2 protein chains.
Amino acid sequence: MTATRMTRQRREILDALDTRDFRSAQSWHEHLRSEGSTVGLATVYRALTALADAGEVDSVVSESGETLYRRCEAGEEHHHHLRCRVCGRAVEIDVPSFESYAAAIATEHGYAEISHTIELTGVCPACAARDRG
Amino acid sequence: MTATRMTRQRREILDALDTRDFRSAQSWHEHLRSEGSTVGLATVYRALTALADAGEVDSVVSESGETLYRRCEAGEEHHHHLRCRVCGRAVEIDVPSFESYAAAIATEHGYAEISHTIELTGVCPACAARDRG
DNA sequence: AGCGTGACTGATAATCATTGTCAATAAGGA
DNA sequence: TCCTTATTGACAATGATTATCAGTCACGCT
């Protein structure tokens, strides 16, 4: 009968996540601190992994092995991103017919419990301009 | 004028890599040791990252953030995998028309220097059978 | 074949992200 | 308000990867 409690920290984290950028747990933590919050790093990690498990945030593993988080659109079941390698800004993209394609390939090879990852990364217009600046 | 030198260690690593499985650097190191090699862990890491940079091995980042390596087919430019989450066994798959699709999406959003990742993971027939056994 | 130089190696320390620990705190139902 | 216990936060611990650095050896040159 133990529900999850809505604490000040969780509220803060949920609020902070209300953006369009992918950031690491550490980065979200810094961000929260800079806004005056006093949340601990471990708490941020715990909250983010819990939210990711619950499907409330998207998480991707970057090329360097860090896990990046971002709040995702409510109700969306499964989707993919075009993410900026520099600032983390991401847009959701549509990959038509990939689900069925993946399922077909999987059965063809006898693999079960299939899941897939599609990530496009690049440099967004703003960061490209900053580079040249 | 400093070319890369072909040392005993590198030969051993190249030889060991001649399989179809994705394994972490640590796992390859263990494997080499169990075969009687005396290579150091750091050397395995260095060789694998160098080979990955040179495009001679495939590398993917697993869900847990580990980097996994596997020798890739000579001459293949870019490809994707259906990989077993349990044993690492992988088959190369073909994702028709994805390259051009990725490029289109990228320009549509103004992103530059696009790269993409597509990974299918599942449980291979052998591991599924072992689970049930 | 013998030399010399600098790339390579391996043991180990250092780093970085993430998770575990545990006493103190505070949600939220009674 | 009171009690139970989920949650927190400071810090230690872990696990993967990278940096250090003195010793080694590949290999072009003579």
Side-chain angles (χ1 to χ4, degrees), chain A residues 1-17 21-54 56-70 83 85 88 119, chain B residues 1-17 21-54 56-70 83 85 88 119:
Chain A
M1 224 60 344
T2 50
T4 111
R5 295 178 184 173
M6 182 50 60
T7 62
R8 171 177 57 78
Q9 293 78 343
R10 282 196 189 149
R11 236 187 322 273
E12 290 176 353
I13 292 170
L14 256 338
D15 286 349
L17 280 170
D21 299 347
F22 271 104
R23 300 229 186 109
S24 66
Q26 314 239 15
S27 174
W28 284 120
H29 179 243
E30 280 175 39
H31 183 251
L32 283 159
R33 292 290 192 139
S34 76
E35 303 272 297
S37 171
T38 61
V39 261
L41 180 57
T43 300
V44 175
Y45 270 103
R46 282 185 289 242
L48 288 174
T49 48
L51 287 167
D53 285 348
E56 308 233 3
V57 304
D58 293 329
S59 66
V60 301
V61 179
S62 77
E63 298 74 11
S64 65
E66 277 184 304
T67 304
L68 307 177
Y69 301 89
R70 196 195 72 164
R83 174 169 53 83
R85 269 193 294 276
E119 284 293 314
Chain B
M1 222 65 338
T2 49
T4 112
R5 296 179 183 172
M6 181 50 60
T7 63
R8 171 178 57 79
Q9 292 81 340
R10 283 196 189 150
R11 233 187 326 270
E12 289 176 354
I13 291 170
L14 256 337
D15 287 348
L17 279 172
D21 300 346
F22 271 103
R23 302 230 185 109
S24 66
Q26 314 238 18
S27 174
W28 284 120
H29 178 244
E30 280 176 37
H31 183 251
L32 283 159
R33 290 292 190 137
S34 76
E35 303 271 296
S37 171
T38 61
V39 259
L41 180 56
T43 300
V44 174
Y45 270 102
R46 281 185 289 243
L48 287 174
T49 48
L51 287 166
D53 285 348
E56 308 235 2
V57 304
D58 292 328
S59 67
V60 301
V61 179
S62 77
E63 297 74 12
S64 65
E66 276 185 305
T67 305
L68 308 177
Y69 302 90
R70 196 194 73 164
R83 174 169 52 83
R85 268 194 293 276
E119 285 293 314

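Here is how names work: the chains are called A, B, and so on, in the same order as the sequence lines, proteins then strands, and each is numbered from 1. If you're wondering where the values come from, they're calculated on a predicted model, not measured in any experiment.
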Q: From CG of B/Leu51 over to P of C/dC8, roughly how many Å is that when rounded to an integer?
A: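 Spelled out: CG on B/Leu51 to P on C/dC8 is 12 Å.
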Q: Search all heavy atoms of B/Leu48 against all heavy atoms of B/Trp28 and return the closest pair with its distance.
A: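 Shortest heavy-atom separation between B/Leu48 and B/Trp28 comes out as CD1-CD1, 4.0 Å.
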Q: Report the C-alpha separation of B/Tyr45 and B/His29 in whole Å, then their side-chain angles, then the decisive distance to 0.1 Å, and conclude whether the side-chain contact (heavy atoms from CB on, under 4.5 Å) test is met.
A: CA-CA 9 Å; B/Tyr45 270 102; B/His29 178 244; over 6 Å; no
Q: Scan nucleotides 28-30 of chain C against the protein and return all N/O pairs shorter than 3.5 Å with their distances rounded to 0.1 Å.
A:
from	atom 1	to	atom 2	distance (Å)
C/dG28	OP1	A/Met6	N	3.1

Q: Quick one: CG on A/Leu68 to CG on A/Asp21, what's the gap to the nearest 0.5 Å?
A: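 Output value for this atom pair is 11.0 Å.
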Q: If you measure from OG1 on B/Thr38 to CG on B/Leu32, what distance do you get to the nearest 0.5 Å?
A: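 Rounded to the nearest 0.5 Å, the OG1-CG separation comes to 10.0 Å.
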Q: Under the 3.5 angstrom rule, does the side chain of A/Thr43 hit a backbone N or O of A/Val39 as a donor-acceptor pair?
A: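 No; judged by distance alone, with no hydrogens or angles, the pair does not exist.
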Q: Sort me out a list of protein N/O and nucleotides 23-25 of chain C N/O pairs below 3.5 Å, or just none if empty.
A:
none

Q: With sequence neighbours left out, write down each residue that passes ring-ring contact (aromatic ring centres under 6.0 Å, His included) with A/Phe22, or none if nothing qualifies.
A: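 So A/Phe22 forms a ring-ring contact (aromatic ring centres under 6.0 Å, His included) with A/His81.
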Q: Give, ordered by number, those residues of residues 28-49 of chain A having at least one heavy-atom distance below 4.0 Å to an atom of DNA chain D; if nothing qualifies, reply none.
A: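 Of all residues in residues 28-49 of chain A, the ones placing a heavy atom under 4.0 Å from DNA chain D are A/Arg33, A/Thr38, A/Val39, A/Gly40, A/Ala42, A/Thr43, A/Arg46.
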Q: Evaluate side chain to side chain donor-acceptor pair (under 3.5 Å) for B/Ser37 paired with B/Glu12, printing each intermediate quantity in order.
A: CA-CA 8 Å; B/Ser37 171; B/Glu12 289 176 354; 2.5 Å; yes
Q: Looking at CZ of A/Arg5 and CZ of A/Arg10, how far apart are the two atoms once the value is rounded to the nearest 0.5 Å?
A: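 Here the interatomic distance stands at 9.5 Å.
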Q: Given the rule in the side-chain contact (heavy atoms from CB on, under 4.5 Å) test, do B/Arg70 and B/Arg23 qualify, once you have shown the distances and angles that lead to the verdict?
A: CA-CA 7 Å; B/Arg70 196 194 73 164; B/Arg23 302 230 185 109; over 6 Å; no
Q: Could I get the full list of side-chain contact (heavy atoms from CB on, under 4.5 Å) partners for B/Val61, not counting sequence neighbours?
A: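 Partners of B/Val61 under the side-chain contact (heavy atoms from CB on, under 4.5 Å) test: A/Val61, B/Thr67.
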Q: Looking at B/His31 and B/Ala16, would you say the former's side chain and the latter's main chain have a donor-acceptor pair under 3.5 Å?
A: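 Looks like no, no N/O pair under 3.5 Å.
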Q: I need the residues from residues 58-70 of chain B with at least one non-hydrogen atom less than 4.0 Å from DNA chain D; give them sorted by number, or say none.
A: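 Within this stretch, B/Glu66, B/Thr67 sit under 4.0 Å of the strand.
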Q: Between B/Glu66 and B/Ser24, what is the shortest heavy-atom contact and its length?
A: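 Minimum heavy-atom separation between B/Glu66 and B/Ser24: OE2-CB, 3.7 Å.
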Q: If only side-chain N and O atoms of A/Gln9 are considered, is one of them under 4.0 Å from the OP1 or OP2 phosphate oxygen of D/dG9?
A: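 For D/dG9, OP1/OP2 do have a side-chain N/O of A/Gln9 under 4.0 Å.
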Q: Counting only side-chain N and O atoms of A/Arg8, is one of them less than 4.0 Å from OP1 or OP2 of C/dA26?
A: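 No, because none of the side-chain N or O atoms of A/Arg8 sits under 4.0 Å from OP1 or OP2 of C/dA26.
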Q: Could you give the CD-to-C1' distance, from B/Gln26 to C/dG10, as a whole number of Å?
A: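 In whole Å, C/dG10 C1' and B/Gln26 CD are 15 Å from each other.
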Q: DNA chain D: B/Arg11 or B/Ser24, which has the more 5' nearest nucleotide?
A: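 It is B/Ser24, whose closest nucleotide lies nearer the 5' terminus.
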Q: What distance separates B/Ser62 OG from B/Arg83 CZ, expressed to the nearest 0.5 Å?
A: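 Output value for this atom pair is 6.5 Å.
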